[in-house]
Structures are given as C-alpha cells and as structure tokens.
Amino acid sequence: QFDRIPGLRTKLGRPSFFSLKTPIELVFFGENLEQLRDYTLNLLPQVRAVRGLTDVRASLETGNPEITVRFDRDRLAAFDLSISDVSTALHDRVQGAVVSRFREEDRHIDIRVRNREEDRDTVGDIENLVVAERNGIPVTLAAVADLEPARGPAEIHRVQQSRAAIISGEVVGRSLGDVADALERVVAANPPPVGVSMNLAGQNEEMKRSFGSLWFALALAVFLVYLVMAGTFENLVHPFIIMFTIPLALVGVVAGLALGGHTVNVISLIGTIFLAGVVVNNAIVLVDAINRYRRLGVEKIEAIVRAGNVRLRPILMTTLTTVLGLLPMAIGFGQGAELRQPLAVVVSAGLIVSTALTLLVIPVTYALVPSRVRTYAEDEELDLVVREAEKLASAPGSAP
C-alpha cells in the first residue's frame, strides 16, 4: 500500500532492544575543540563512504552563528573597568536580570529587565550597548571590546571527564560488527592527531559487553552440566561423551538462525545457554540405559543396540513436546514477537538437529571410546570381599 504513494520511500526493520544509543558512535576525545572539529569534519566523508552506514552526522559538523566579544585590556584599564563588570553588564542588557517576582496565587513569575529587542537586534546595536558610565559619559561596548562574527559548536559533549566529538550513524543492510570493523580500518588509515584519542561506542560497545558476559555464562553452564553428570555417573569419560551433543546442537542453532533470517543477538545467545542444559538430556537417557545393560553383563555393542531400541520413543517424545510447545513462539504471534522469536527458533532447531544426530553420533562415540562399567555381579563380589575384610579386622587377636 505504501508503494502506491508516489514519491514515498519506505523502509521496514526490526527495532533495537535494550538500547537507546545509536548503532555506531565514534567518540573522539580531546580538549581542543578546534582540533576535534577539523579532524572529525575531514574524516566525515570517508566515514560516509563506508558501505552499510547511513544517516551519518558529526556533533561538531554544524554550529550556531554567534558574536565573539574580545575585550581590550588596555582600553578597559583606561576606563578603570574590569572584564567581570563589563561581562555582567552586557549579560544584563541582552539576557536580562531578574529584579523581582510577581506573585499570582501559587505562581511566581520573574520580572526581567533588559534592553528592548529593537535595541539589541543587530551587531551594531550590540556595539552601542552602554556597559558603564564614567564622569556622566556612557561607555559603549565598542569602546572597550571588538566584536567578531563566528560560528560556535552546536553541542559540546563531555565523556569520561573529557571533551568529545561524536560521529554517529545508522546501520542498513549490513551487520553491526562488519560496519564497526570497516570504521576501525578507516580510522587506522587516518590516525587522529596528537592529543586526540578514539573509542568505538554506541550499540557496538554494548553488544561486545553483552556478548562477553553471555559467552562466559555459556562456558559456565557447560562446566556445571559436566560436574553434575560426572558426580551422577561417578565417571569422567561418559560425561565427555554426552557433552558431544552441545556442538551438535550448535549446528541446529546456526541452521535455525539462517533459515529464520535472524542474527546472533542477546536473545539468541540466551536461548543457546538454555539449550546447553536441555540437549544433554537425550544423551543422558541413552548413556544411562547403555550403562544399565552393561552392568547386567551385556556386551558393549549389544548394550548400545538394546538401549537405542528402548530409549528411542522417550527421546522422541520429550523432543517433540518441547519443540511443539515452542512452535507458537517461533512462528511469532502478537506484539513483541520479534523479541521472543530468536529464542524459540534457537531452542527448537537446536533440539531437532541434536536429537537426530544424538541417536547416531553418541552410540558411535560410546563404542569407540574405551570405558569400563562394573557389573552387578562384580559389585556383589566386591561387597563380599569388603565384608570379609571387616570381619577379619574385627576378630579377636587380629593385627591392627
């Protein structure tokens, strides 16, 4: 419907969550505003040439017209005036001074006294403003100062207790990480002058910080899952076999994100962390069944085949119930669906692929990795030996 409107260009996209910052922000630090403005304005055309970057602007690109007042100290001394006195008088003439307040019920309205607008409208009017009086003779601003037209900065940022100039832009048709890498190459080819430093901020900085925390959480989740399985199985080898399901699930994560048109973001990484604790369940069920058969004295390969036949149905049932439960969220119904969709897609695709590969890879890996499981008969013999040893130790006259 928008395409039918002549001269109208539309763009549809997903909003950026959890951030109010511009996707790309190049922050340049320095105390010299002139140096910052010159460098950022020279760098601006090359930044605008980066593919995937649009709506690029610099904080010091455009400024407001202003009049710079330069006081002549010799002339001030001749009139026995100080810069502070003249500055205060000039401020009161132009901006006004609050001399009283008018009270109206519960309101207080300032009464401001200043020159009429027609007396301060032009540069000539400002030059003729009376800023002092000596021996009954008015002293105008032009008598003690020179006025120069200039253009001041539109805004002055202070970041990390230092003056900063910011070049910001939006990202279109390209990933945020690729654009950030291209900008770093542009700055490296045009290094800032002495006294100016650069930091790549905006959503890119937040993304790096969030991804670093989430990768650490994922590694910690995998480690904790391994500890729980090692304590439960009382074996260090079998948990390693089960952990093979996690990289198998990552295959499904990548495939799901690619097919769904999603990117690797905070939500999809949260789903990956959740997936790390879920995908191992099928392998745990399968390996536990294999160990039970081996404890009954069944040969290793035969135990793998029997466990696969017995555990196939429970594995498929648990996977299907989880995937079907996430299906409405993966399809995306209602407002805010784009926020929840990546998590559901990651978990569903990871479970489907890991389940299919678990039924093939885990049995093969179990068969190839050397491991030994004590049978119930061996446990009974061991218990019998322990009891006999305890009896001998507690018998009268036995050696300590």
Side-chain angles (χ1 to χ4, degrees), residues 210-257 264 266-296 298 300-301 303-304 306-308 310-312 314-323 325-326 342-376 378-379:
S210 300
F211 278 20
S213 301
L214 290 173
W215 285 121
F216 173 75
L218 178 60
L220 185 60
V222 172
F223 176 70
L224 293 176
V225 168
Y226 175 79
L227 286 184
V228 171
M229 291 190 297
T232 304
F233 283 106
E234 297 181 356
N235 189 297
L236 298 178
V237 177
H238 295 158
F240 270 117
I241 298 174
I242 295 172
M243 298 298 283
F244 273 104
T245 56
I246 295 179
L248 299 180
L250 293 179
V251 176
V253 169
V254 174
L257 291 176
V264 178
V266 173
I267 302 301
S268 58
L269 279 181
I270 292 174
T272 306
I273 296 172
F274 169 72
L275 193 63
V278 174
V279 295
V280 297
N281 292 342
N282 294 333
I284 289 174
V285 170
L286 185 59
V287 172
D288 181 67
I290 296 173
N291 289 340
R292 287 179 180 273
Y293 280 114
R294 293 187 67 186
R295 288 175 68 84
L296 292 173
V298 180
K300 187 176 184 179
I301 301 299
I304 294 174
R306 290 189 184 183
V310 173
R311 296 303 188 188
L312 176 62
I315 289 174
L316 294 179
M317 288 174 60
T318 54
T319 301
L320 286 175
T321 52
T322 306
V323 171
L326 291 171
L343 187 145
V345 169
V346 163
V347 177
S348 300
L351 271 177
I352 292 172
V353 174
S354 68
T355 300
L357 295 178
T358 295
L359 297 173
L360 299 174
V361 176
I362 297 302
V364 174
T365 306
Y366 191 101
L368 294 176
V369 175
S371 62
R372 186 180 185 282
V373 177
R374 290 202 310 267
T375 63
Y376 291 117
E378 291 175 341
D379 286 341

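For reference, positions follow the sequence shown, starting with 1.
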Atom [atom1] of [X] and atom [atom2] of [Y]: how far apart are they, to the nearest 0.5 Å?
{"X": "D288", "Y": "R311", "atom1": "CG", "atom2": "CZ", "value": "6.5 Å"}
{"X": "T272", "Y": "L214", "atom1": "OG1", "atom2": "CG", "value": "9.0 Å"}
{"X": "N291", "Y": "L286", "atom1": "CG", "atom2": "CG", "value": "9.5 Å"}
{"X": "T358", "Y": "I284", "atom1": "OG1", "atom2": "CD1", "value": "11.0 Å"}
{"X": "T318", "Y": "L320", "atom1": "OG1", "atom2": "CG", "value": "8.0 Å"}
{"X": "N282", "Y": "I242", "atom1": "CG", "atom2": "CD1", "value": "11.0 Å"}

Taking N281 for the side chain and V278 for the main chain, is one N or O donor matched with an acceptor at less than 3.5 Å? yes
Is there a side-chain contact between [X] and [Y] in this structure, where contact means two heavy atoms from C-beta onward sitting under 4.5 Å apart?
{"X": "V310", "Y": "Y293", "answer": "yes"}
{"X": "V225", "Y": "M243", "answer": "yes"}
{"X": "L269", "Y": "L218", "answer": "no"}
{"X": "H238", "Y": "M229", "answer": "no"}
{"X": "I362", "Y": "T245", "answer": "yes"}

A217 to I273 - nearest heavy-atom pair and separation: CB-CD1, 3.7 Å
Closest heavy-atom pair and its distance - V279, S354: CG1-OG, 3.6 Å
How about Y226: does its OH atom have over 12 heavy atoms from other parts shown lying under 6.0 Å from it? yes
Criterion side-chain contact (heavy atoms from CB on, under 4.5 Å) on L250 and L275, from CA distance to verdict: CA-CA 9 Å; L250 293 179; L275 193 63; over 6 Å; no
I'd like to check the side-chain contact (heavy atoms from CB on, under 4.5 Å) partners of V323; sequence neighbours left out, ordered by chain and number. T319, S348, L351, I352
